[in-house]
Each structure stands twice: as structure tokens, then as C-alpha cells.
Amino acid sequence: MSTSAAAEAEAEAEAPDLVCELDSVQGIVDALTSVRWKRYQDALVELSEHGIVIIVEETSCLQAKVYLQRELFVKYEYGARGRPRFGMSLGLFVDCLNTFSVPGKSNILELRYPGPDMQLLLRSVDSPNACIYAQIRTRIPETISWDYNFEPTGATPLTFTVKSAALKEAIDDLEWPGSSIQIKLQPTPPSVIFRAEGHGDLQIEFNYYANMDLLIAFSCDRPISHRYKYKFLRATTSNIPASVLKDNRGSKFTMGRGGLLKVQHLVSVSKPSSIPHIESAGYQQPSRIAYIEFFVKPHVQEDDEEEEEEQVNVVNDSQ
């Protein structure tokens, strides 16, 4: 191997997997905070040529993903082979980003991975008087994130979209009964029903024709219902950013095969000093939006489990 070829190979080996810059730190903080449902929380970070995905999970029953597409960054230089993954503390990452966020001011933040000891490096690059620098220790993920493999239930999607502020208020109100939450969709009349039973009975109904200002989209061709643990359902809305509630965007629910529930939010990542472009339909340019997805497994009632166990015992006894 020639000297020049060896030098090129060494330089390639030392080159970082990713160097990127963003001009809306607060928007990224809002997006990540929306999936921070407890104080101590680990996150899995996946890098690719298309952007960054942050994944968090809870006891294999709840998963959330934050998609930061490369269009959100003012600079995105990807040099890795494959898709590097690493683990880190979500809370530490959010708190660190907050130190770079200046309210009402657009500032450029550089992220670089990996550092000399596999750290995630953060650095402000547009301040003439000072440079803020931070590094976050990363680790090899203990387990590979579980693939929820969301599949539709049929030709007609079972989905509805509710204004985010109304959705958060409804789910907050359902805390009182202290039980799992039943979500029921019915095509006639087209409506969505949230029902909680426990210390009491509380039902919240969104009728499509009567509440089109709140239930802004609905698709269902047959009655269907599933139950979900309240703490997992509440995690999908408990930290919706104030900017989303203020703009009153819609949050989309979709029921998949086996009752797997997908909840989607859109979080603005526009520059503080800029006026985002809003189309006539009220939607912002996709390139300045972070996509948030939650996946919630349905709750299996203990009564159903006991009944299945009794049936197994009966079969065994007969044998």
C-alpha cells in the first residue's frame, strides 16, 4: 500500500460517523421532551443518511420514536457505513441541549459522533464571544430495540385524528377512575369513545358530525374496541409541547393488528426568529417538522387470562 493510500485509509478510519448542525435547539428539546415520561430514562439513538431516530421503551409495552430528518439540519455530513447505534440517558441529553437554547434567539449547535472515547460531542459554533462545549458518554445498547411491526387490520384503516389540546384534556380527565382505558370506534354514528372504569365510570365521546372541529378526521368500517393501561396511554400525551397545544394541531390514532395502537404527533422545529411557512390547509412545511410516534400494546384483562387458564386445566383434566 502506498503512503498516500495508507494516509487516506487512516483519515477515513478517524473520520466521525456524523457531523451535523441545527439552528432550532428548542424545537429539538420540545420533540425529545414529548417522549420523556419519567425522570430516569435510557434512549437508543440510531444514525443514518436519512437522519437521526431516538427510541425509548417501557417494559416492552410502550415504545416511542422521535424522527429527526436530515432536512431539519442546516448541515448533515454522514460518513458511517451501515447504521451506528448507541445508548445514552435521554434526560441528560435534553438537559444538555437546554444549556444551548436561548429563548427567542436562533443559535447554531454542532453535534459530532463519535468522540475519542465514543462520546457524543456538542458545541456552539456561532457565538463570537464564547463557545459552549459538552460531551455525553454513550454506551453499547444492552438489547436491540423491539420491532413493533405495526400492521393494518384490513383494507380500511382504523384511524382518527383529534385536536391535540382536546385529546390531552380528555386523557387527563380519565385518570380519576384509576383503571385501564377502553378506546372504541364505531362507524354508525361515526364516533370515538374513551371509557374508564375503576373507582367510578367515566366516558368521553367524540362524535364526528357533532365535533368536527375537534375530531377532524375519522376512518372506520366496523365497530372495534381495545383496552390500554392508563399510564401507558397517558405517556403519549402527558408531555405534548406547549407549542403544539397552542397551534392546536391534530394527533393521529391508528389501531393495528392485535390492537396495537399507534399515536402520532407533529412538533415544529422552525427557527425562533423566522416565521414558518403555513399552507392554506394549516399544515407546516414537512422539512421543519419532527415526527413523534408512540406504540402502545393492548391491555389483556386478568379475567380473560384466568378464563384461558381454566380452559387449559379442563383440557388437561380430560386428557
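Below, each value reflects all heavy atoms present in this structure, side chains not excepted, and no hydrogens, waters or symmetry copies. Position 1 is the first residue of the sequence; numbering continues from there.
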Exercise. According to a 4.5 Å side-chain heavy-atom criterion applied to Ile, Leu, Val, Met, Phe, Trp and Tyr, with indirect links allowed, do M212 and F206 form part of one hydrophobic cluster?
Worked result: yes
Exercise. Does the distance from a Lys or Arg side-chain N to an Asp or Glu carboxylate O, for K38 and E58, drop under 4.0 Å?
Worked result: yes
Exercise. Can you tell me if N211 uses its side chain to pair, donor with acceptor, with the backbone of N207 under 3.5 Å?
Worked result: yes
Problem set entry | Plane angle bin for F160 and F253 - parallel if under 30°, tilted between 30 and 60°, otherwise perpendicular | parallel
Exercise. Hey, is the main chain of E49 close enough, under 3.5 Å, to the side chain of R70 for a donor-acceptor pair?
Worked result: yes
For this session: Please work out which of the three classes, parallel, tilted or perpendicular, describes the rings of Y78 and Y76, given edges at 30° and 60°.
Result: parallel
Problem set entry | E197 side chain vs Q182 backbone, donor-acceptor pair below 3.5 Å | no
Exercise. Does the pair D42/R139 count as a salt bridge with the N-to-O cut at 4.0 Å?
Worked result: yes
Problem set entry | Polar side-chain atom of N107 near backbone of F100 as donor-acceptor pair, under 3.5 Å | yes
For this session: Using the salt bridge (Lys or Arg N to Asp or Glu O under 4.0 Å) rule, take R36 and D95 through it: C-alpha gap first, then chi angles, then the decisive distance, then the call.
Result: CA-CA 12 Å; R36 189 182 179 185; D95 293 342; 3.5 Å; yes
Problem set entry | Minimum heavy-atom distance I289-V269, with the two atoms named | C-CG2, 4.3 Å
Exercise. With a 3.5 Å cut-off and no angle check, do the side chains of H299 and S180 form a donor-acceptor pair?
Worked result: no
For this session: Compare every heavy atom of S251 with every heavy atom of S164, then report the nearest pair and how far apart it is.
Result: OG-OG, 2.8 Å
Exercise. Linking I/L/V/M/F/W/Y whenever their side-chain heavy atoms sit closer than 4.5 Å, directly or via other members, would L233 and I193 fall into one cluster?
Worked result: no
Exercise. What do you reckon, is NZ of K168 surrounded by more than 12 foreign heavy atoms closer than 6.0 Å?
Worked result: yes
Problem set entry | Whether Q119 side chain and D117 backbone form a donor-acceptor pair below 3.5 Å | yes
For this session: Report, as yes or no, whether the 6.0 Å neighbourhood of atom NZ on K262 holds more than 12 heavy atoms from other residues, nucleotides or ligands.
Result: yes
Exercise. Is it the case that one hydrophobic cluster holds both I54 and L121, taking links as side-chain heavy atoms less than 4.5 Å apart, direct or via other members?
Worked result: no
For this session: For residues C220 and P187, report the shortest heavy-atom separation together with the two atoms involved.
Result: O-CB, 3.5 Å
Exercise. For the residue pair Y113 and F86, does the interplanar ring angle fall in the parallel (under 30°), tilted (30 to 60°) or perpendicular (over 60°) class?
Worked result: parallel
Problem set entry | S191 side chain vs P189 backbone, donor-acceptor pair below 3.5 Å | yes
Exercise. Same cluster for L97 and V19 if Ile/Leu/Val/Met/Phe/Trp/Tyr side chains link at under 4.5 Å?
Worked result: no
Problem set entry | Any donor-acceptor N or O pair under 3.5 Å, side chains S219, T159 | no
Exercise. So with a 6.0 Å cut-off around OH of Y40, is the heavy-atom count from everything else above 12?
Worked result: no
Exercise. Just by distance, do the side chain of T236 and the backbone of F294 share a donor-acceptor pair under 3.5 Å?
Worked result: no
For this session: Kindly say whether V192 contributes a backbone atom to a donor-acceptor pair with the side chain of Y208 at under 3.5 angstrom?
Result: no
Problem set entry | P152 to R257 - nearest heavy-atom pair and separation | O-NH2, 3.4 Å
Exercise. Once you round to the nearest 0.5 Å, how far does CD of E71 lie from NE2 of H50?
Worked result: 10.0 Å
Exercise. What do the steps show when you test E57 against K65 for salt bridge (Lys or Arg N to Asp or Glu O under 4.0 Å), and what is the final call?
Worked result: CA-CA 9 Å; E57 292 183 333; K65 294 183 178 181; over 6 Å; no
Exercise. Would you say S124's side chain and I132's backbone share a donor-acceptor pair under 3.5 angstrom?
Worked result: yes
Problem set entry | V25 versus L109, closest heavy-atom pair with distance | CG2-CB, 3.9 Å
Exercise. With a cut-off of 6.0 Å (strictly less than), are more than 12 heavy atoms of other residues, nucleotides or ligands near CZ of R222?
Worked result: yes
For this session: Might you point out which heavy atoms bring D201 and R195 nearest each other, and give the distance in Å?
Result: OD2-NH2, 2.8 Å
For this session: Please answer whether the main-chain N or O of I171 pairs with a side-chain N or O of Y230 as donor and acceptor at a distance below 3.5 Å.
Result: yes
